[in-house]
Amino acid sequence: MKLTNPLRVYRYYYIIGVAFALLIAALAAQATTTRLEPLLYGKEGRGEGETSPDSPLLDSLLHANPQLAQVLARPDTYELQIIYTQINRDAQNRPTFTPHTYHLNPRQYFNPASLVKLPVAALALEKLNQLNKPGVNRRTIMATGTAFRCQTPVRFAAPADSDQAATVGNYIKRMLLVSDNLAYNRLYEFLGQRPLNDRLAQLGYPNARITRRFAPCDTTANRHTNPIGFHTRQGDTLYKVPAQFNPIPYASPLGRVLKGRAHQAGGRIIPEPYDFTTANHLPLTDITALLQSILFPASVAPSQRFNLTPTDYAFLRRYLHATPHQSGFHPYAASRYFDAYKKYLYYGRRPTLPRQSTLHIYNVVGMSHGYLADVAYFADSLHQSEFMLSAVLYVNRDGIINDGAYEYDSIGLPFLAQLGRSIQQYESQRPRQFRPNLAEFFASEPTR
């Protein structure tokens, strides 16, 4: 384009300058509310099979602790992936999130195990809000019927102890406090396979796949989910959810996934890899972003937020950080559910370690098939510090899947405990322009 008139030239460059300034302002405003995107590089992610470059800061922190050396010496063998997210606040206490990664690879499959319970819990509460049926809420008694093979029922019952009732709220408590598998199955069935995954994709997680119960059901049976009924304590029906079927099976975003040199089935060793192709799939970046969106909903664009009430968010927060005893939930008063039962990072699931009242860890964990994972947010009121930390590693020395011979206690859990302690120690001393106000993470939350 040729501009000969000086006034036109001035106007042209003025418009370009204003547009550029507006773009910079918009990007700066977005930086105060951005979340850790799935795959870290936007919704399309990085190239096929490409790992993220390691953060020099995280690399130096990891190698400064000799107790992490065994795993760090062979990160590929242990399939180690870590996301350490620094959180900085401005003068108005608004957070920004800066991720540091180590060996992060969205094409590296790991079995998410119980990590999938977090999105299922949030989506179950969201579905109750969308139903908007009088009397139907997380405290309403829920009965589960059967309509296909591999389905099991939960008959209607109105026990005197409300903590024993089959409700969405109690199922969520069981999932988040002690990672209960049967509770997860009930909410998976309540949601239905297709609606569950469609909603995750709509929220910005197109690579997530939650397609299995934690039960020996085949792929077709998992596509069928049970009829559900909500009832008053007197047995009157308030609402029914019909049995659902997903007519189109989900494909793995990674293609065929084979792991291990052999696997055990029917009490014998089969000298072939285990096939995870139709298993649940939840990348570490996705579950990290999901936890952030639940703890910091304002950091997520409105279209990517769960449709939850402030009370819903507070309810999830309570059971993400509470220990089984601290929760006040009657079924978990027994000594077998010790305080560190579901706290791998920092505590290493050691029953003898006392809980630190000034440290709240909001987390979800996974332990299955040799994979060990913890995705957590740390709020430290003593040092006025906070950060997020997600990690997964594979501890299966013999390479046999499902034989139960995994090095969880000897390698995996000690590594995660030391990892959490190393980052927490660094964060307790890290300079900050503004100390975070963590009152919301230490306030009392609803218990019912």
Side-chain angles (χ1 to χ4, degrees), residues 35-53 76 79-83 99 101-120 122-123 184 188 191-214 217-223 225 245-260 263 273-293 300-301 303-304 306 364 366 368-373 375 390-394 401:
R35 72 168 179 174
L36 176 65
E37 286 289 341
L39 302 184
L40 287 180
Y41 296 91
K43 295 176 185 176
E44 299 304 320
R46 295 175 60 84
E48 295 289 313
E50 187 177 352
T51 60
S52 301
D76 293 332
E79 300 184 16
L80 179 64
Q81 297 186 64
I82 302 174
I83 304 171
T101 66
Y102 183 81
H103 280 230
L104 186 66
N105 181 2
R107 302 293 303 175
Q108 175 68 61
Y109 178 81
F110 71 91
N111 186 259
S114 294
L115 296 180
V116 300
K117 291 169 182 171
L118 179 61
V120 166
L123 289 174
Y184 159 83
Y188 171 89
L191 292 168
Q193 188 189 82
R194 172 62 61 173
L196 190 169
N197 288 277
D198 284 354
R199 180 57 176 148
L200 284 176
Q202 185 182 39
L203 288 167
Y205 307 97
N207 292 315
R209 294 287 185 274
I210 302 180
T211 56
R212 282 188 179 181
R213 296 174 177 88
F214 291 139
C217 300
D218 59 71
T219 301
T220 300
N222 279 319
R223 290 161 58 194
T225 49
F245 172 62
N246 175 17
I248 305 173
Y250 282 102
S252 167
L254 301 179
R256 195 175 185 195
V257 179
L258 301 176
K259 303 291 295 187
H263 67 279
Y274 186 83
D275 193 341
F276 283 99
T277 304
T278 61
N280 292 337
H281 174 58
L282 191 60
L284 196 64
T285 46
D286 284 19
I287 183 60
T288 301
L290 282 160
L291 181 62
Q292 179 185 323
S293 71
V300 176
S303 63
Q304 296 174 321
F306 292 102
V364 60
S368 183
H369 299 297
Y371 290 98
L372 195 61
V375 176
S390 306
V392 61
L393 73 162
Y394 181 58
I401 305 290

Problem set entry | Full working for side-chain contact (heavy atoms from CB on, under 4.5 Å) between Val364 and Leu291 | CA-CA 9 Å; Val364 60; Leu291 181 62; 5.7 Å; no
Exercise. If only atom types and distance count, is the side chain of Tyr188 paired as donor or acceptor with the main-chain N or O of Asn222 below 3.5 Å?
Worked result: yes
Problem set entry | Over all atoms of both residues, closest heavy-atom pair of Asn280 and Pro112 | O-CD, 3.3 Å
Exercise. Roughly how far, to the nearest 0.5 Å, is CG of Leu290 from CG of Leu203?
Worked result: 8.0 Å
Seminar exercise, completed: Closest non-hydrogen contact found for Ala113 with Gly366 is CB-CA, 3.9 Å
Exercise. Rounded to the nearest 0.5 Å, what separation is found between the NE2 atom of His103 and the CD atom of Gln108?
Worked result: 11.0 Å
Problem set entry | Backbone of Thr278 reached by a side-chain donor or acceptor of Thr211 within 3.5 Å | yes
Problem set entry | Donor-acceptor under 3.5 Å (Thr277 side chain, Val257 main chain) | yes
Problem set entry | Atom of Arg209, atom of Ala251 and distance for their closest heavy-atom approach | NE-O, 3.0 Å
Problem set entry | Thr225 vs Arg213, side-chain contact (heavy atoms from CB on, under 4.5 Å): CA-CA, chis, key distance, verdict | CA-CA 10 Å; Thr225 49; Arg213 296 174 177 88; 4.2 Å; yes
Exercise. At what distance, to the nearest 0.5 angstrom, does OG of Ser252 lie from CZ of Phe276?
Worked result: 11.5 Å
For this session: Apply side-chain contact (heavy atoms from CB on, under 4.5 Å) to Tyr184 and Ile210, showing your working.
Result: CA-CA 11 Å; Tyr184 159 83; Ile210 302 180; 3.4 Å; yes
Exercise. Between Tyr274, Phe110, Tyr109, which is the residue that forms a ring pair (Phe, Tyr, Trp, His ring centres under 6.0 Å) with His369?
Worked result: Tyr274
Exercise. Where do Phe306 and Ser293 come nearest, in terms of heavy atoms and distance?
Worked result: CE1-OG, 3.7 Å
Problem set entry | Donor-acceptor under 3.5 Å (Arg223 side chain, Pro247 main chain) | yes
For this session: Indicate whether the side chain of Gln193 and that of Tyr250 have a donor and an acceptor atom separated by less than 3.5 Å.
Result: no
Seminar exercise, completed: Scanning both residues in full, the closest heavy-atom pair of Ala208 with Asn197 reads O-OD1, 3.8 Å
For this session: Begin with the C-alpha distance, continue with both residues' side-chain angles, and end with the deciding distance and a verdict on side-chain contact (heavy atoms from CB on, under 4.5 Å) for Leu200 and Leu123.
Result: CA-CA 9 Å; Leu200 284 176; Leu123 289 174; 4.1 Å; yes
Problem set entry | Nearest-0.5 Å distance that lies between atom OG in Ser390 and atom CG in Asp286 | 11.0 Å
For this session: Kindly say whether Ile248 contributes a backbone atom to a donor-acceptor pair with the side chain of Arg194 at under 3.5 angstrom?
Result: yes
Exercise. So, Asp275 side chain and Leu258 main chain: donor-acceptor pair closer than 3.5 Å or not?
Worked result: no
For this session: For Gly260 and Ile401, work out which heavy atoms get closest and say how close.
Result: CA-CG1, 4.3 Å
Exercise. Is there side-chain contact between Ile287 and Pro119, with at least one heavy-atom pair below 4.5 Å?
Worked result: yes
Problem set entry | Interatomic spacing from CG in Leu393 to CD in Gln81 - rounded to 0.5 Å | 10.5 Å
Exercise. Looking at CG of Leu284 and CG of Leu115, how far apart are the two atoms once the value is rounded to the nearest 0.5 Å?
Worked result: 8.0 Å
